[in-house]
K.L.:
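Got a structure for you, written out below as structure tokens; questions coming shortly.
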Protein chains: 2
Amino acid sequence: MARTITDDHILEAALHVLATKGYAGATTREISAAAEINEVTLFRRFGNKKNLLMAAVEQEVENFQAGKIEYTGDLEGDLRRIVQFYYDLMRKRGHVLSMLMSEVPRQPELAEVMQTPMTIVQKITRIIERYQNEGALEKESPVDAFVSLVGPLFLGGIINFLQPQTLQSSLEPDEMVRRYLNGRATK
Amino acid sequence: MARTITDDHILEAALHVLATKGYAGATTREISAAAEINEVTLFRRFGNKKNLLMAAVEQEVENFQAGKIEYTGDLEGDLRRIVQFYYDLMRKRGHVLSMLMSEVPRQPELAEVMQTPMTIVQKITRIIERYQNEGALEKESPVDAFVSLVGPLFLGGIINFLQPQTLQSSLEPDEMVRRYLNGRATK
DNA sequence: TTAGATTGCAAGTACTTACTTGCATAAATT
DNA sequence: AATTTATGCAAGTAAGTACTTGCAATCTAA
């Protein structure tokens, strides 16, 4: 018979368990339960746990597409699109992102997979550098300029995750760009 | 005989293994090896793995002391001390911090321990709020103002950890405060 | 020096994990 | 209708885990 269970279905379940339980905590038993299939099917399809998890992460990372991000000459608009990209990413895949960032050092094979997201970072730093060279942005390390732009989103996401009650971050892309360019001191 | 092995010595080893391998990966065998003691000693002292790891984290978190941080009326100076505090924290305990942030959701008992660091955050947001009310800082959610101030340090630390070769963040507290207040647009 | 407490060592228990094997069943292809 | 192929189920293996127990060696305080 042809396959009645799609790889996508399995990988989706695997990624979900991986994001919530971490690499070590993502047991094949739990993944099979989440996908509502037999545990043996996982091994027949993917061979071993490592292959399965890597396939799940690879598929997910492919979707981190920063299509709209490029140099247009409109500094504020470009920055807004960059921030909006990471804003959406944190909303939709925040738990995957933070899982990746904490697991990569322990799971060397994940490092390869991270190259795709890192390509996006490099692309953005090049855009920032161009605006610096034009004189629209103050000169500084482009990597520093990048983490200054989107770093708040990451910490905000983590804090919201840790303390859903009292402390809540509610950053808005437009405001972020405005303050990134003009600062917070009253004039 | 009195103890020849101090609790401190054990907790130090436990924290190191915990920070590098994560909660699940921090096996009692590995901790005992790192402390160069017998595995049984761990259980005789701390009862079980959970108690041991919690004690290690608690002791570490006690040291997150933000003594110098308070309202002085000097906005730039206060911001500098806040940034410097997290700058040092990332340098010295960055791996512990990122381990904590990723493990807390999975290990509910860690949530209690996180209250100490969160107290510091609350203290800082109150200082920021006061400067906002004075009119020295633009009004915005104090939590957002906080994550905007120190968020770049966290993302920078993570990126440096993930990609030690190409992309490197080298933020400096003084510059961070300057740009936090005045922005990056050329005037 | 003696007595009590602390440690190391060897062995073992109960549990979980990744992964395998054999067989029966069900579904799609031919 | 017959054959191929994917799946479920039951059972089992080997390894690692947290944790326990008993005993002998060792060190400190008295």
Side-chain angles (χ1 to χ4, degrees), chain A residues 1-59 99 102-110 113, chain B residues 1-59 99 102-110 113:
Chain A
M1 75 178 176
R3 318 206 124 155
T4 65
I5 302 167
T6 65
D7 279 9
D8 263 26
H9 174 73
I10 297 178
L11 294 180
E12 205 174 309
L15 189 79
H16 178 251
V17 176
L18 175 60
T20 55
K21 302 293 177 84
Y23 198 101
T27 65
T28 51
R29 173 186 294 185
E30 196 158 352
I31 293 170
S32 66
E36 291 181 302
I37 60 171
N38 196 281
E39 194 179 348
V40 184
T41 304
L42 295 180
F43 293 100
R44 286 200 266 243
R45 287 281 186 95
F46 297 94
N48 55 45
K49 173 178 162 174
K50 177 185 155 187
N51 282 352
L52 168 62
L53 294 185
M54 290 302 289
V57 172
E58 264 175 43
Q59 184 191 250
M99 176 278 293
S102 58
E103 294 284 3
V104 164
R106 283 169 228 148
Q107 312 295 337
E109 58 262 35
L110 279 176
V113 176
Chain B
M1 76 178 178
R3 316 207 126 157
T4 64
I5 303 168
T6 64
D7 279 8
D8 264 24
H9 174 75
I10 296 178
L11 295 179
E12 204 173 310
L15 189 78
H16 178 252
V17 176
L18 175 59
T20 56
K21 301 294 177 82
Y23 198 100
T27 66
T28 51
R29 172 187 295 185
E30 196 158 353
I31 294 170
S32 66
E36 290 180 303
I37 61 171
N38 196 280
E39 194 179 347
V40 184
T41 304
L42 295 180
F43 293 100
R44 286 199 266 242
R45 287 282 186 94
F46 298 94
N48 54 45
K49 172 178 163 175
K50 176 185 155 187
N51 281 352
L52 168 62
L53 294 185
M54 290 302 289
V57 173
E58 263 174 44
Q59 183 191 251
M99 176 277 293
S102 59
E103 294 285 3
V104 164
R106 282 170 230 148
Q107 312 295 339
E109 58 262 37
L110 279 176
V113 176

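Just so it is clear, the values below take in all heavy atoms, side chains as well, and ignore hydrogens, waters and symmetry mates. Here is how names work: the chains are called A, B, and so on, in the same order as the sequence lines, proteins then strands, and each is numbered from 1.
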K.L.:
Rounding to a whole Å, what distance do you find between B:Asn51:CG and D:dA18:C1'?
P.N.:
13 Å
K.L.:
Contact list please: residues 26-41 of chain B against DNA chain C, heavy atoms, distance less than 4.0 Å, in numerical order.
P.N.:
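B:Ile37, B:Asn38, B:Val40, B:Thr41 - these, ordered by number, are the residues of the stretch whose heavy atoms sit under 4.0 Å from the strand.
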K.L.:
For a quick test of reading the model, state the closest non-hydrogen atom pair linking A:Lys49 to A:Phe43 and the distance between them.
P.N.:
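The answer is N-CE2, 4.3 Å.
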K.L.:
What is the separation between atom CZ on A:Arg44 and atom C1' on C:dC23, rounded to the nearest whole Å?
P.N.:
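Rounded to whole Å, this separation is 11 Å.
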K.L.:
Between P on C:dA26 and CD1 on A:Ile5, what's the gap in Å once rounded to a whole number?
P.N.:
15 Å
K.L.:
Over how many whole Å does the gap from A:Leu52 atom CG to C:dT17 atom P extend?
P.N.:
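For the pair A:Leu52 CG and C:dT17 P, the rounded distance is 15 Å.
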K.L.:
Measure the distance from NZ on B:Lys49 to C1' on D:dT17 and round it to the nearest whole Å.
P.N.:
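For the pair B:Lys49 NZ and D:dT17 C1', the rounded distance is 8 Å.
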K.L.:
May I have the distance from A:Phe43 (atom CZ) to C:dC19 (atom C1'), rounded to whole angstrom?
P.N.:
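The answer, rounded to whole Å, is 5 Å.
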K.L.:
With the threshold set at under 4.0 Å for non-hydrogen atoms, list the residues of residues 6-25 of chain A touching DNA chain C in residue-number order.
P.N.:
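Correct list: empty, so none.
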K.L.:
Quick check: do A:Asp7 and A:Phe46 have side-chain heavy atoms less than 4.5 Å from each other?
P.N.:
yes
K.L.:
Report, as yes or no, whether the 6.0 Å neighbourhood of atom CD on A:Glu12 holds more than 12 heavy atoms from other residues, nucleotides or ligands.
P.N.:
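Incorrect, the count does not exceed 12.
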K.L.:
In whole angstrom, what separates A:Leu42's CG from C:dC19's C1'?
P.N.:
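Distance check: A:Leu42 CG to C:dC19 C1' gives 11 Å.
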K.L.:
What verdict does the side-chain contact (heavy atoms from CB on, under 4.5 Å) test give for B:Leu53 and B:Leu15, after you've listed the backbone C-alpha separation in whole Å, the side-chain angles of each residue and the deciding distance to 0.1 Å?
P.N.:
CA-CA 7 Å; B:Leu53 294 185; B:Leu15 189 78; over 6 Å; no
K.L.:
For the residue pair B:Leu42 and B:Asn48, establish whether any side-chain heavy-atom pair is separated by less than 4.5 Å.
P.N.:
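B:Leu42 does not reach B:Asn48 side chain to side chain.
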K.L.:
Please check the phosphate of C:dT7 (OP1 and OP2 only) for any side-chain N or O of B:Arg45 closer than 4.0 Å.
P.N.:
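B:Arg45 to C:dT7 OP1/OP2: side-chain N or O found under 4.0 Å.
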K.L.:
What are the two closest non-hydrogen atoms of B:His9 and B:Ile5, and how far apart are they?
P.N.:
CD2-CG2, 4.1 Å
K.L.:
State, with a plain yes or no, whether a side-chain heavy atom of A:Met54 is found less than 4.5 Å away from one of A:Leu110.
P.N.:
yes
K.L.:
With salt bridge (Lys or Arg N to Asp or Glu O under 4.0 Å) as the rule and sequence neighbours excluded, what pairs involving residues 21-32 of chain A come up?
P.N.:
A:Lys21-A:Glu30
K.L.:
Within the structure provided, determine whether A:His16 and A:Ile31 are in side-chain contact (heavy-atom separation under 4.5 Å).
P.N.:
no
